[in-house]
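What you see below is based on every heavy atom in this structure, not just the backbone, and it leaves out hydrogens, waters and symmetry mates. Note that this is a predicted model, so its numbers are computed, not measured. In the text below, chain A, chain B and the rest are named by the order of the sequence lines, each starting its count at 1.
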Number of protein chains: 2
Amino acid sequence: MSLTDPPRDFQSLQQLIAERAQDLPKRLAQVAGYALGNPDEIAFGTAASIAEASSVQPSTLVRFAQSLGFQGFSDLQDVFRSRLRERVLSYDERLSHLRADDKAHKASLMFAGFAEAAEHSIRELRLRLDGDKLEEAVKLLAKAETIYLVGLRRSFPISSYMSYAFGKLGVKNQLIGATGGLAAEDVSFATPQDVIMAISFTPYASETVKLTQSAHGRGVPVVSITDSAFSPLAPVSKLWFEVTESHFEGFRSLSATLALAMTFTVAVAERRSASKG
Amino acid sequence: MSLTDPPRDFQSLQQLIAERAQDLPKRLAQVAGYALGNPDEIAFGTAASIAEASSVQPSTLVRFAQSLGFQGFSDLQDVFRSRLRERVLSYDERLSHLRADDKAHKASLMFAGFAEAAEHSIRELRLRLDGDKLEEAVKLLAKAETIYLVGLRRSFPISSYMSYAFGKLGVKNQLIGATGGLAAEDVSFATPQDVIMAISFTPYASETVKLTQSAHGRGVPVVSITDSAFSPLAPVSKLWFEVTESHFEGFRSLSATLALAMTFTVAVAERRSASKG
DNA sequence: CGCGCTGTGGAATAAACGTTCTATTGGTCT
DNA sequence: AGACCAATAGAACGTTTATTCCACAGCGCG
């Protein structure tokens, strides 16, 4: 039996179990492994059900708990349950809370809606983003002589952010559309040694599409962020990323796109400095 | 006893309880109220502990469950437990998962970090945003003849987004700093009937501060988004909003600011169209 | 080889569990 | 006022629970 006090929060307990798991006796190690892999089962199950699931005797569970300093199995179980008590609300729950708050101000509700849309978009992209493709795109952009940033209208905040960040990080780039109507001329300088980073969502700004298509025709590689496989950017892109932003009252979030844009800028800059210096 | 099948997901169950709560007998309504207010207790507690907490007999809990179509209390309890099983991970858990994923690509990790920072920023602002102040700012902006948008460097994506959205929504606005170095002149046209919307974070772009201060000196009301009470924008603002963005590898998120900016644009446009006709 | 120790399985135990049953209440019709 | 019925409280039920206890297996050491 351990002399030290057992941890009372799940985080520490998890760590403790992971540490001790190796030099624990066979059956206790078995329990440790099961506990780390199935915390919800420990929280909800009974000693008997957990014992069966982890191929162990109920008494082993008690010994396991005691070896960690707990008084018994139930004592340890409480910690697993506390984790679930302290959880954040799920997406659906929050939305219904939102609707229920009728007394709040209209503007506050609106903010909650936009915040919700932003969080949801980010969560979605997190699940869908292809790590290999991302890595490849970073490689391609890092090799580019100049990165041309094409993003107008709703996508302009993104392209302008990238331009600012690239500039700060010492990555040569050209922001298109910032200064009047010279966009077409600016992009016409792009060569196959450069890369076009195009950002466009429904309804695709015609100028963005046109510029990207013509550059692609001249052999300039294109990396794009867009919202579906039917985007006119997809067929002319060497690599393209699908970002589906949630909307609130018809206004689409930009948060997921922005997070992806930040990733590009920082990852590209880091890869460059790594290869150069 | 109900003849219909009881709901198997928490969402539907919650709704069902809320609906029936009113025309339920006294003691059962008492349980319904407790269940809606303390779902976690129902999930983890025993019939005895819940009965005591809601000042009811254990048998009442069984009758309550049966009146909803469940076979018994345990049957109903399962639904409350399922909710906790399906929960999303908490912030701390996600961060540690992030660190644990050493095998993943560097760029993917980076994206996860930026996504995390964005989500965290939004969650923070949600807690801190003052609904009354927000409502007041929307009122002020809605009355403005022209809204001058002042945001340079890192804040430029925000001000340019607002300009685009205001334009779409038919709200007269002037984006500062978009076209070369004429910023000072543009703002000099602002009158006390207009409003300056200034956005600036550490290190505060000197031009943003200068323009805002001079406009304030001429009696133009200022609404600003900034990151602390020590911001040079705070003392010259009629209303200012504190947004503290989380960062990853030194790069601050913009997501919370963006969500707030979207709220301003849509809320102001809506208020205008409501007052005009 | 035998001693002692740790780890383990499984029976034993008492407490706590959810459920059922029944007497009683409280209120609404006739 | 009396009869009826739904709703309730609380005791009683059998079951399941976590825990304890004990016998035995494995193993290193003297």
*Answer yes or no: is there an ion pair linking B:K133 with B:E242, defined by an N-O contact shorter than 4.0 Å?*
no
_Partner residues of A:T46 under the side-chain contact (heavy atoms from CB on, under 4.5 Å) criterion, sequence neighbours left out_ = A:A48, A:S49
*Do B:E135 and B:K139 sit within salt-bridge range, that is, some charged N less than 4.0 Å from a carboxylate O?*
no
*Tell me the stems DNA chain C sits in, counting at least three consecutive Watson-Crick or G-U wobble pairs, each under 3.5 Å on both distances.*
C:1-30 with D:1-30
*Check the distance between C:dT8's C1' and A:F64's CZ and give it to me in whole angstrom.*
16 Å
*Can the ring centroids of A:F44 and B:F44 be said to lie less than 6.0 angstrom from one another?*
yes
*Indicate, with a heavy-atom threshold strictly under 4.0 Å, whether B:L28 touches base, sugar-phosphate, or nothing.*
sugar-phosphate
*Looking only at side-chain N and O atoms, does A:Q57 come under 4.0 Å of OP1 or OP2 in C:dT8?*
no
Which donor-acceptor pairs under 3.5 Å do the side chains of residues 248-256 of chain A make with protein atoms, sequence neighbours left out?
from: A:R252; atom 1: NH1; to: A:E245; atom 2: O; distance (Å): 2.1
from: A:S253; atom 1: OG; to: A:E245; atom 2: OE1; distance (Å): 3.0
from: A:S253; atom 1: OG; to: A:S255; atom 2: N; distance (Å): 3.0

*Sort out for me which residue in B:D78, B:D40, B:D9 forms a salt bridge (charged side-chain N to carboxylate O under 4.0 Å, His left out) with B:R83.*
B:D40
_Protein within reach of the bases, or only the backbone? For nucleotides 14-28 of chain C, mark each nucleotide 5' to 3' as B, S or -, using heavy atoms under 4.0 Å._
---SSBB--------
*Shoot me the first and last contacting nucleotide of DNA chain D against chain B, ordered 5' to 3', at under 4.0 angstrom to non-hydrogen atoms.*
D:dA7 to D:dG10
*Rounded to the nearest 0.5 Å, what separation is found between the CD atom of B:E136 and the CG atom of B:D130?*
9.0 Å
*For the ring pair A:F264 and A:F241, is the centre-to-centre distance below 6.0 Å?*
yes
_Using the side-chain contact (heavy atoms from CB on, under 4.5 Å) criterion, which residues pair with A:Q57? Sequence neighbours excluded._
A:S59, A:T60
*Taking every non-hydrogen atom, the tightest pair across A:L36 and A:A18*: CD1-CA, 4.0 Å
